[in-house]
Protein chains: 2
Amino acid sequence: MTDRLQESSKNALSFACKRNHALCIEEALEHAKRVCERAGERFTDLRKQVFAIVWAEHKPVKAYDLLSELSSIRKGVAPATVYRALDFLKSQGLVHKLESLNAYLGCSQPETEHHGHFLICECCEEVRELAFAPFSQSIDEIEKAQKFQIKHTTIELLGRCIKCQ
Amino acid sequence: MTDRLQESSKNALSFACKRNHALCIEEALEHAKRVCERAGERFTDLRKQVFAIVWAEHKPVKAYDLLSELSSIRKGVAPATVYRALDFLKSQGLVHKLESLNAYLGCSQPETEHHGHFLICECCEEVRELAFAPFSQSIDEIEKAQKFQIKHTTIELLGRCIKCQ
DNA sequence: GATCTAATGTTATGTTATAACATATCTTTA
DNA sequence: TAAAGATATGTTATAACATAACATTAGATC
Ligand SMILES: [Zn+2]
Ligand SMILES: [Zn+2]
Ligand SMILES: [Zn+2]
Ligand SMILES: [Zn+2]
């Protein structure tokens, strides 16, 4: 247990990066705060806590697991509490929902224009968010060819990562 | 009410195409039957009925709506009944699950190699399955670049169709 | 027709998500 | 700064989606 735990004061438990990255959560929280400020939205304690828990996992989190983690640092937590916070964070692009898993993942690049395209390893459950959208050209082509105006994409590729092949 | 209704005998109700396409369900059932035969699987009454209901809609169907439709032509229908049939049909590529809608759609081209990529109109709820996979090249590239072996893709593009723009 | 296997029936429960309304907190402005 | 309005959260209840476990039935094999 490092200095970071002390620094994080009362909510230390949930605010520590599960992979022990130095300053990981602190930086992500700064990042998230800026995103909210720019959007003129409030980054409340609840939202901060939910974001920090999701982020700390570095992997998809189920809403009800999140609920039980959140309960350990906060009172009066019900499903609606969690889903409302998740909805907000999604609306700001700070977390993504993985539809094929019914789980939520902290966005790895919230300040970059991107659509949330994921590689999901069926074996180790690691999920990688593609940094640059390799599908954007295909998507443009589809929009033209099919005269279809795309507003949101769900692209989740299930398979095996290099470690699990 | 046309001849087709009479032809379909006891299960006429659910076996009629909701868009009044001539021979639509009959042909799809023949198609599905062949797919099952080739796979050495049984296309039972239950599976046939579930497939026909899903197909007749020509749009995504919720499992519990399917359940209630199925109940009108069959006894002893419970959630498991429906989900088992859907699992089977999915395994044969005869229906797809739309993860972002929690709904099921009859496959428009079950005998063609394809991955199930969809355009979903948020306005009229019409869903089009892309006939040729425009993403297959991107997917190949990702597999090489990321050393990730893709086994299943979830690609659902939400937006507005030409009629709803 | 006895045996084995696959499919379905049946009951119960687990999991995921939202509705509706009360209360608290923040922001704005008089 | 007190009142009013808007946003966020608390609280209770329920809706919507899906699977587990075991019994029974129907089809295939011998
Ligand atoms: Zn970290
Ligand atoms: Zn992202
Ligand atoms: Zn039809
Ligand atoms: Zn298909």
Side-chain angles (χ1 to χ4, degrees), chain A residues 11 32-33 35-37 39-54 60-92 94-105 125 154 156, chain B residues 11 32-33 35-37 39-54 60-92 94-105 125 154 156:
Chain A
N11 296 323
K33 194 179 153 201
V35 167
C36 294
E37 276 168 1
E41 298 285 351
R42 292 166 52 202
F43 196 41
T44 63
D45 275 356
L46 173 63
R47 292 165 175 177
K48 223 174 276 187
Q49 290 168 341
V50 169
F51 177 77
I53 294 172
V54 173
V61 186
K62 297 280 190 171
Y64 277 73
D65 292 340
L66 185 45
L67 188 158
S68 82
E69 280 221 49
L70 187 61
S71 298
S72 71
I73 57 167
R74 191 182 175 91
K75 288 199 174 144
V77 176
T81 316
V82 168
Y83 283 104
R84 278 192 292 230
L86 286 171
D87 283 347
F88 170 80
L89 295 169
K90 278 190 289 178
S91 76
Q92 301 306 309
L94 294 168
V95 308
H96 295 291
K97 179 177 183 189
L98 293 165
E99 298 286 354
S100 62
L101 301 179
N102 290 324
Y104 303 83
L105 183 67
E125 300 195 337
T154 299
E156 300 170 13
Chain B
N11 296 325
K33 195 178 153 201
V35 168
C36 293
E37 276 168 2
E41 298 284 353
R42 292 168 51 203
F43 196 42
T44 62
D45 275 357
L46 173 63
R47 290 164 177 180
K48 224 174 275 187
Q49 290 168 341
V50 169
F51 177 77
I53 294 171
V54 173
V61 186
K62 297 279 191 172
Y64 276 72
D65 292 342
L66 187 44
L67 188 158
S68 81
E69 280 222 49
L70 188 60
S71 298
S72 72
I73 56 167
R74 191 184 175 92
K75 289 199 173 144
V77 177
T81 315
V82 169
Y83 282 105
R84 278 192 292 229
L86 286 172
D87 282 347
F88 170 80
L89 295 170
K90 278 190 288 178
S91 76
Q92 301 305 310
L94 294 167
V95 309
H96 296 291
K97 179 177 183 188
L98 294 166
E99 298 287 354
S100 62
L101 301 178
N102 291 325
Y104 302 84
L105 183 67
E125 299 193 337
T154 300
E156 300 169 16

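The sequence lines fix the lettering, A, B, ..., with proteins before strands; numbering per chain opens at 1.
Here the shortest heavy-atom pairing between A:Pro60 and A:Leu105 reads N-CD1, 3.6 Å.
The interatomic distance linking A:Glu37 (CD) with C:dC26 (C1') rounds to 16 Å, in whole Å.
Taking the salt bridge (charged side-chain N to carboxylate O under 4.0 Å, His left out) definition, one finds that A:Glu99 meets it with A:Lys97, sequence neighbours left out. When the salt bridge (charged side-chain N to carboxylate O under 4.0 Å, His left out) test is applied to A:Asp87, the partners found at least two apart in sequence or on another chain are A:Lys90. For B:Lys48, the salt bridge (charged side-chain N to carboxylate O under 4.0 Å, His left out) criterion is met by no residue, not counting sequence neighbours. For A:Arg42, the side-chain contact (heavy atoms from CB on, under 4.5 Å) partners are A:Thr44, A:Arg47, not counting sequence neighbours.
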Counting primed atoms, P, OP1 and OP2 as sugar-phosphate and everything else as base, the B/S/- map of nucleotides 3-19 of chain D against protein heavy atoms under 4.0 Å is -----SBBBB----BBB

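Side-chain contact between B:Phe43 and B:Leu89 is present, with at least one heavy-atom pair separated by less than 4.5 Å. Between B:Val77 and B:Leu46 the shortest side-chain heavy-atom distance does not fall below 4.5 Å.
Overall bending of the helix from C:dG1-D:dC30 to C:dA30-D:dT1, expressed as the angle between end axes built from five pairs apiece, is 30° (10° steps).
Using a distance-only test at 3.5 Å, with no hydrogens or angles considered, a donor-acceptor pair links the side chain of A:Lys62 to the main chain of A:Leu101.
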